[in-house]
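Order of the sequence lines sets the chain letters (A, B, ...), proteins ahead of strands, with each chain counted from 1.
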Amino acid sequence: MQIYNTMTRKKEELVPLVPGQISMYACGPTVYNYFHIGNARPFIVFDTLRRYLEYRGYHVRFVQNFTDIDDKMIRRANEEGTTVKELGERFIKEYYQDADALGVRRATVNPRATEHINEIIRLVQTLIEKGHAYATPDGDVYFSVRSFPGYGKLSGQNIDDLENGARVDPDEAKRDPLDFALWKAEKPGEPSWDSPWGKGRPGWHIECSAMSMSILGETFDIHGGGQDLIFPHHENEIAQSEAATGRPFARYWMHNGYINVDNQKMSKSLGNFFTVREIAQEFDLEAVRMFMLCVQYRNPVNFSRELIQQAESALERLHTAKERLAEAQTAPAETEEDAAFSAQLDEFKTRFCDAMDDDLNTADALGVLFDFARSSNTFVSEPRGKATLEKARALYGELTGVLGLLQHEKSEEFPREALTLLEERQTARKAKNFSRADAIRDELKDMGYAVEDTANGPKLKKL
RNA sequence: GGCGCCAUAGCCAAGCGGUAAGGCAGAGGUCUGCAAAACCUUCAUCCCCGGUCCGAUUCCGGGUGGCGCCUCCA
């Protein structure tokens, strides 16, 4: 499989450190609020990558952290009159609720920064010992950017250019404007932990280094996140980690593009964001996943309700094909047409994998799935061989499953009232009382159900 | 100022050297009591100007128009 590596700015063959295994880390949410559609993209992208790698037979260890201690957490907790810990607990739960609905599987491990304070302190200590970091009299610890020769290699930034644009906060006792905090001394009312430099809390960048390396090792395969993390977050992670261990940190860096609103990046600071929670009130979140997968992950994509509706309609087509395949009639024997379709199935699988192998081209892979759906819809218009049908069902399930789609059945529980009406309508139809039948259909429509007359009899469908 | 991305039909979006996948919407048709679903047909020459090449949407150069990072941000 080829993946685009931000470090080399090229597509590269993915060759795992340990054959047959992939270790990957993706930056997770800061749990101070509901996450928005833009935040959801990396969750969906890296979940899809993980699913595909597993489909290809890799044993994947996938780590996605929760940042549960930082400035935003503290501010929000104060506003809410709660503790940072309680705030974190709450929004971790909320995260899971939304992520589950988006079809995002639980990571192998979801470490929390506050559960890795010891590792963080050890890492900071190592950096001080090796001369890459220094403590100030106030009890802050900074990373010395100029002590790490490779600084800027991920973002393509020249250290002197950065220097010119760097901001200096007069409160900070940095030796160099580019230096960044590894450890922040306690301020009144803030959560803190004991450390060799006095009470304090970790800086943001060091959390990810400590968590990723303590779980996946000093060198691991893939590190992912949104493009806005390239600088400074990931650049800083590399500097800290490689300065501390003297070994390469992540081997492949993957970054997803933004979700835009009217061509502008969806972000908290611009205020042009939609939380996943609020969109969930209008749409099945599976449509949001579909919407994201319609675009290759590195490209930006505009968000709008209209586009979610388009994705919803497209998804409906995929659902229908699955149902038709499930309900297909079985023929007494396999025929040549079965054999031909079976061969086509093999092609779909190959084409699907070719698309995914090309830097996770989900848009192309979806194209294959729609071709599959069309062929399958035609194929099941008459009874077919059992073995072929089963092969088709299995493959369709596998491939949609790799994309995390069609994972939950649309709720097929209809109220007794609606089912009674459906029966009445059928009786009326048999009696050729079509005006009565149509009246009932309208009635059902008002209740939120569509009626479809299929070869297997009438069916209800949620609108 | 430094670094980088993007421009394909009404909308979304693949392709990236040999005359444009797929989806949504639209049009016509088949099926249906009528619908719905499904199926068939139909719907683009790829921002502009140069260059390379037998041949460019695809490579190179220059424009134009969007966007991002360099500060918390997925």
Side-chain angles (χ1 to χ4, degrees), chain A residues 6 9 26-30 35-46 70-72 75 152 155-167 169 178 204 224-233 235 255-260 262-270 273 290-291 293-296 298-302 304 306-321 323-324 351 355 358 361-378 380-381 429-430 432-435 437-438 441-442 445 450-455 458-459 461:
Chain A
T6 306
R9 300 180 196 272
C27 292
T30 300
F35 65 87
H36 64 65
I37 297 287
N39 299 320
R41 170 116 96 149
F43 304 155
I44 291 168
V45 165
F46 295 108
D70 84 331
D71 294 346
K72 293 190 293 283
R75 197 185 321 126
S155 53
Q157 296 288 329
N158 172 304
I159 201 161
D160 293 314
D161 290 334
L162 285 169
E163 185 90 64
N164 291 332
R167 290 188 184 182
D169 185 334
L178 289 178
W204 176 40
Q227 281 172 355
D228 43 5
L229 296 186
I230 294 172
F231 192 91
H233 186 55
E235 196 71 74
H255 293 96
N256 61 274
Y258 301 124
I259 300 290
N260 293 155
D262 298 331
N263 284 320
Q264 281 206 311
K265 177 185 169 186
M266 182 185 292
S267 73
K268 293 261 163 73
S269 46
L270 283 172
F273 62 91
M290 181 71 178
F291 158 77
L293 295 176
C294 284
V295 187
Q296 206 273 348
R298 282 189 290 122
N299 294 145
V301 48
N302 263 307
S304 72
E306 189 196 342
L307 292 173
I308 301 296
Q309 275 158 14
Q310 285 192 11
E312 197 173 43
S313 300
L315 191 57
E316 183 60 29
R317 185 172 168 74
L318 255 24
H319 269 291
T320 305
E323 279 168 27
R324 289 171 59 101
R351 284 174 54 208
D358 182 17
N361 193 336
T362 53
D364 210 5
L366 272 169
V368 177
L369 243 33
F370 282 106
D371 287 344
F372 191 160
R374 165 162 290 143
S375 296
S376 169
N377 283 334
T378 304
V380 300
S381 61
R429 289 181 72 216
K430 279 185 179 145
K432 305 267 186 210
N433 185 355
F434 294 122
S435 58
D438 289 347
R441 184 163 60 198
D442 288 342
K445 192 177 173 190
V451 179
E452 290 183 13
D453 295 314
T454 73
K459 286 179 65 177
K461 213 171 175 181

Any donor-acceptor pair under 3.5 Å linking the side-chain atoms of A/Asn263 with those of A/Asn302? yes
Just how far, in rounded Å, is C1' of B/C12 from CD1 of A/Ile259? 13 Å
If you go through the side-chain atoms of A/Lys265, does one of them form a donor-acceptor pair with the base of B/C73 closer than 3.5 Å? yes
Decide, applying a 5.5 Å centre-distance limit and a 30° plane-angle limit (both strict), whether A/Phe434 stacks on B/G33. yes
Any strand is fair game: report the nucleotide pairing with [N] by Watson-Crick or G-U wobble, both distances under 3.5 Å, or none.
N	answer
B/G1	B/C70
B/G65	B/C6
B/C39	B/G29
B/G17	none

Which is true for [X] with a 4.0 Å heavy-atom rule: it touches a base, it touches only sugar-phosphate, or it touches nothing?
X	result
A/Gly152	nothing
A/Asn302	nothing
A/Leu369	nothing
A/Gln309	nothing
A/Asn263	sugar-phosphate
A/Lys72	sugar-phosphate
A/Val451	base
A/Phe35	nothing
A/Arg9	sugar-phosphate
A/His255	nothing

Would you indicate which nucleotide in [options] comes nearest to any side-chain atom of [X]?
X	options	answer
A/Gln310	B/C72, B/A38, B/G23	B/G23
A/Asp228	B/C24, B/C73, B/C34	B/C73
A/Ala363	B/C67, B/A14, B/C70	B/A14
A/Ser313	B/A25, B/A35, B/A74	B/A25
A/Asp453	B/C34, B/G23, B/A38	B/C34
A/Arg441	B/A74, B/C34, B/G22	B/C34
A/Asp438	B/U71, B/G33, B/A14	B/G33
A/Thr378	B/G2, B/C39, B/C72	B/C39
A/Val295	B/A38, B/C72, B/A13	B/A13
A/Glu452	B/A38, B/A74, B/A36	B/A36

Say you pick atom [atom1] in [N] and the same atom in [M]; how far apart are they, in whole Å?
N	M	atom1	answer
B/U64	B/C49	C1'	10 Å
B/G65	B/G22	P	35 Å
B/G10	B/A25	C1'	8 Å

Between A/Asn299 and B/A14, is there a side-chain N or O to OP1/OP2 distance below 4.0 Å? yes
Sub-3.5 Å donor-acceptor pair from the side chain of A/Gln157 to the main-chain atoms of A/Gly152, do we have one? no
Could you say whether A/Phe370 or A/Asn377 is positioned toward the 5' end of RNA chain B, judged by the nucleotide with the nearest heavy atom to each? A/Phe370
Heavy-atom nearest nucleotide on RNA chain B taken for A/Arg298 and for A/Gln264; more 5' hit belongs to A/Arg298
Less than 4.0 angstrom from a charged side-chain N to a carboxylate O is my criterion; do A/Glu316 and A/Lys461 meet it? yes
